[in-house]
Amino acid sequence: DSGVTQTPKHLITATGQRVTLRCSPRSGDLSVYWYQQSLDQGLQFLIQYYNGEERAKGNILERFSAQQFPDLHSELNLSSLELGDSALYFCASSVGTSGAGTGELFFGEGSRLTVL
Amino acid sequence: GDSVTQMEGPVTLSEEAFLTINCTYTATGYPSLFWYVQYPGEGLQLLLKATKADDKGSNKGFEATYRKETTSFHLEKGSVQVSDSAVYFCALNRGTGRRALTFGSGTRLQVQP
């Protein structure tokens with residue numbers, strides 16, 4: 001158990017809808033990272049938050065947004081969903097902003113989104 | 001931009017066979033290199049890492065050597081077990097100013113008894 005909790009584990013919805021994925025980082029971790037894993041692609045970095053502030057942005061669509069709350073949990077909001085958004089969404093956490101520099105990212109089990 | 005290329009899977013081996021999973025990378029500067037493993041139904045876990053050229057990372061019988069001249073970080077294990085069946089991801093990070101890991105597409109390993 002990595003200590004990172006993601007909910008829901010599975011989600012099925014229709015095109016055009018909006019969903020929210022939730023992540024609770026390990027106790028004491030200040031950084032949260034979101035990654036997307038599609039069937040034919042590797043893990044694509046979406047966005048990072050550190051202590052409530054956005055710190056780095058990757059290949060995140062404008063239809064997607066995220067935030068980190070004062071209790072350090074994070075939510076990833078996906079709107080106007082398309083079939084191509086079907087993927088496994090991972091959250092990871094680390095102690096600080098340098099977490100990725102040492103490789104010590106702790107991953108949740110992922111949220112599998114299916115858009116029909 | 002940065003990229004990581006891994007060999008296509010699945011890789012199917014018999015128990016006690018030798019394992020190699022190839023990984024090559026493209027990045028400027030001197031990235032740190034990592035192998036993560038994802039067991040069925042679980043999240044990714046850091047398996048091993050190397051932060052500079054010629055470093056060898058090792059853990060749980062797995063090894064990988066950072067080869068800057070060939071921009072490679074191949075994963076090896078001398079004798080695989082059924083419990084090693086998982087998806088293996090190679091990743092890199094260019095360090096200061098880059099906070100996210102760049103991952104390869106993953107290689108599924110299936111070990112048969």
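Every chain is numbered from 1, with letters handed out A, B, ... down the list of sequences.
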Item to check | salt bridge (Lys or Arg N to Asp or Glu O under 4.0 Å) contacts in which one or both residues fall within residues 5-22 of chain B, not counting sequence neighbours | outcome: none

Checklist entry - Among the clusters formed by ILVMFWY side chains lying less than 4.5 Å apart, do Val4(A) and Tyr89(A) turn up in the same one? => result no

Checklist entry - If you group Ile, Leu, Val, Met, Phe, Trp and Tyr by side-chain heavy-atom gaps below 4.5 Å, do Leu75(B) and Tyr39(B) land in one group? => result yes

Item to check | Close approach to chain B in residues 106-116 of chain A, criterion heavy atom under 4.5 Å | outcome: Phe107(A), Gly108(A), Glu109(A)

Only pairs under 3.5 Å count here: list side-chain donor-acceptor contacts from residues 13-21 of chain A, not counting sequence neighbours, and write none if there are none.
unit_1   : atom_1 : unit_2   : atom_2 : d
Thr20(A) : OG1    : Asn77(A) : OD1    : 2.8

Checklist entry - Take atom CZ in Arg108(B); do more than 12 heavy atoms of anything else shown fall under 6.0 Å from it? => result no

Checklist entry - Taking everything shown except Glu53(A) itself, do over 12 heavy atoms lie less than 6.0 Å from its CD? => result no

Checklist entry - In terms of heavy-atom proximity below 4.5 Å to chain A, should Gln38(B) be classed as side chain, backbone, both, or neither? => result side chain

Next on the checklist: Rounded to the nearest 0.5 Å, what separates atom CG in Leu105(A) from atom CG in Leu101(B)?
Outcome noted: 4.5 Å

Next on the checklist: What verdict does the side-chain contact (heavy atoms from CB on, under 4.5 Å) test give for Thr102(B) and Phe45(A), after you've listed the backbone C-alpha separation in whole Å, the side-chain angles of each residue and the deciding distance to 0.1 Å?
Outcome noted: CA-CA 7 Å; Thr102(B) 299; Phe45(A) 169 66; over 6 Å; no

Next on the checklist: Can you list, by chain and residue number, the hydrophobic cluster partners of Phe18(B) when the side-chain cut-off is 4.5 Å?
Outcome noted: none

